[in-house]
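For reference, the structure discussed in these notes is given below.
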Number of protein chains: 2
Amino acid sequence: MNAGQNDERNVQILLNKEIQPTAMRLLTLEYLLEQQAAVSLADIELHFHKADRITLYRTLKTFEQKGVIHSIQEQQVTKYLLCDESCATGIHHDDHLHFFCTKCRNTTCLHQVDLSVMSLPPGFSVVQWHFSASGICDRCAGTMQ
Amino acid sequence: MNAGQNDERNVQILLNKEIQPTAMRLLTLEYLLEQQAAVSLADIELHFHKADRITLYRTLKTFEQKGVIHSIQEQQVTKYLLCDESCATGIHHDDHLHFFCTKCRNTTCLHQVDLSVMSLPPGFSVVQWHFSASGICDRCAGTMQ
DNA sequence: AGGTAAAATGCAACCGGGTTGCAGGGCAGA
DNA sequence: TCTGCCCTGCAACCCGGTTGCATTTTACCT
């Protein structure tokens, strides 16, 4: 693990998406890369207690718009997750299931669930899917207290 | 169509769900019964321009809790729809697809889409599903301008 | 290196939906 | 008729999202 190398890699990630790699953005990206679950603006704000809420907000907006992260609605709050490689400016492929665990309150992506079987009645054309489920995740199920 | 009969029927609907049939609640129920699409608190408020926002809010909360309606999140705002017969206090069966048309901005339920094919990885247990899609609905597709 | 323009940041403030507390009013039951 | 409970309406608050504007940083050009 070499911090300098990670920085270098993260700079490249941003440049590939046409985002200027500023300090704030690199820190935010680094944080997002560490996350296993979706995080809200408030979560990030709490983590970087010195950072400005609005800057973070705009950073996330930029990331989302450029295809670095995608957002989901989780009971009134917006949460963010890293995108797949295939996402780009204005183009998202977020058609996978988001699972919200009511116990640990984490939201994770379940790419392995096959949603291709979904078909709509004639006349409807879908631009975007939003799939989510809530319940108990595998980790919490394993650790009954 | 007999207004008195409808009233009587609506009173019964509420009583069956253990809700006191007050004037406000009957009006709200009547309005909800007329809707083809999900409505927000603001929508209802606009329709009953004399009504109090908070009372409406609490009426909807009561309806939801008692299994008359269910709520969905539609880009930051909560919208409400009538439940199936099978819903009761604290028990909802809303596992059908909600389709949001980006043109007419209406949200409708698509019960005909089969979601039973969905299966999760082992370890996950689902309490509630939330399926939605956005795009162009059949009615708007038919009326290209 | 210095100057300039554009982009990013930080602060203040606003907005709108959701939510709660409390006082008044109406209705049902004693 | 009296009493208590539930519904209603008003005020106010909270919190996430969002915008405007002034300041700072960065990139670029000479």
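The analysis underlying the following values was restricted to heavy atoms, covering all of them including side chains, and did not include hydrogens, waters or symmetry mates. Below, read A as the first sequence line, B as the second, and so on, with proteins coming before strands; counting in each chain starts at 1.
- Taking atom CG on B/L26 and atom C1' on D/dC7, their separation rounds to 13 Å, with Å as the unit.
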Please tabulate, one pair per line, all N/O donor-acceptor pairs under 3.5 Å involving side-chain atoms of residues 119-138 of chain A, not counting sequence neighbours.
none

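- Spacing between atom CG of B/L15 and atom C1' of C/dA28 amounts to 14 Å, rounded to whole angstrom units.
- Summarising the geometry, the separation between CE on B/M24 and C1' on C/dG26 is reported as 16 Å, rounded to the nearest angstrom.
- By the side-chain hydrogen bond (donor to acceptor under 3.5 Å, both in side chains) test, A/S71 pairs with A/E64, sequence neighbours left out.
- Not counting sequence neighbours, the partners of A/T78 by the side-chain hydrogen bond (donor to acceptor under 3.5 Å, both in side chains) test are A/Q73.
- Scored by the side-chain hydrogen bond (donor to acceptor under 3.5 Å, both in side chains) test, B/T22 finds no partners at all (sequence neighbours excluded).
- No more than 12 heavy atoms of other residues, nucleotides or ligands lie within 6.0 Å of CD in B/Q36, so this atom counts as exposed by the packing criterion.
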Take nucleotides 14-26 of chain D nucleotide by nucleotide from the 5' end and write B, S or -, depending on whether a protein heavy atom sits under 4.0 Å from the base, only from the sugar-phosphate, or from neither. --SBBBB------
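- Taking atom CG of B/L60 as the reference point, atom C1' of C/dT19 lies 14 Å away to the nearest angstrom.
- Between B/L46 atom CG and C/dG17 atom C1' there is a gap of 15 Å when expressed in whole angstrom units.
- Pairing each heavy atom of A/H70 with each of A/C109, the nearest pair is NE2-SG, 4.3 Å.
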Check residues 47-54 of chain A and write down every donor-acceptor pair under 3.5 Å in which the side-chain atom is one partner and the other belongs to a residue at least two apart or another chain.
from, atom 1, to, atom 2, distance (Å)
A/D52, OD2, A/I54, N, 3.3
A/D52, OD2, A/T55, N, 3.3
A/D52, OD2, A/T55, OG1, 3.3

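- Each end of the helix from C/dA1-D/dT30 to C/dA30-D/dT1 gets its own axis, taken as the rotation carrying the C1' atoms of four end pairs onto the next four within a five-pair window, and the two axes meet at 20° to the nearest 10 degrees.
- Regarding B/E74, its CD atom lies at a distance of 15 Å from the C1' atom of C/dG17, rounded to whole Å.
- For B/N106, the side-chain contact (heavy atoms from CB on, under 4.5 Å) partners two or more places apart in sequence, or in a different chain, are B/A37, B/C104.
- Rounded to an integer number of Å, the gap from A/L56 CG to C/dC11 C1' is 14 Å.
- Put simply, CG on B/D52 is 13 Å from C1' on C/dT19, counting in whole angstrom units.
- Every side-chain hydrogen bond (donor to acceptor under 3.5 Å, both in side chains) that B/T107 has, sequence neighbours left out, goes to B/E74.
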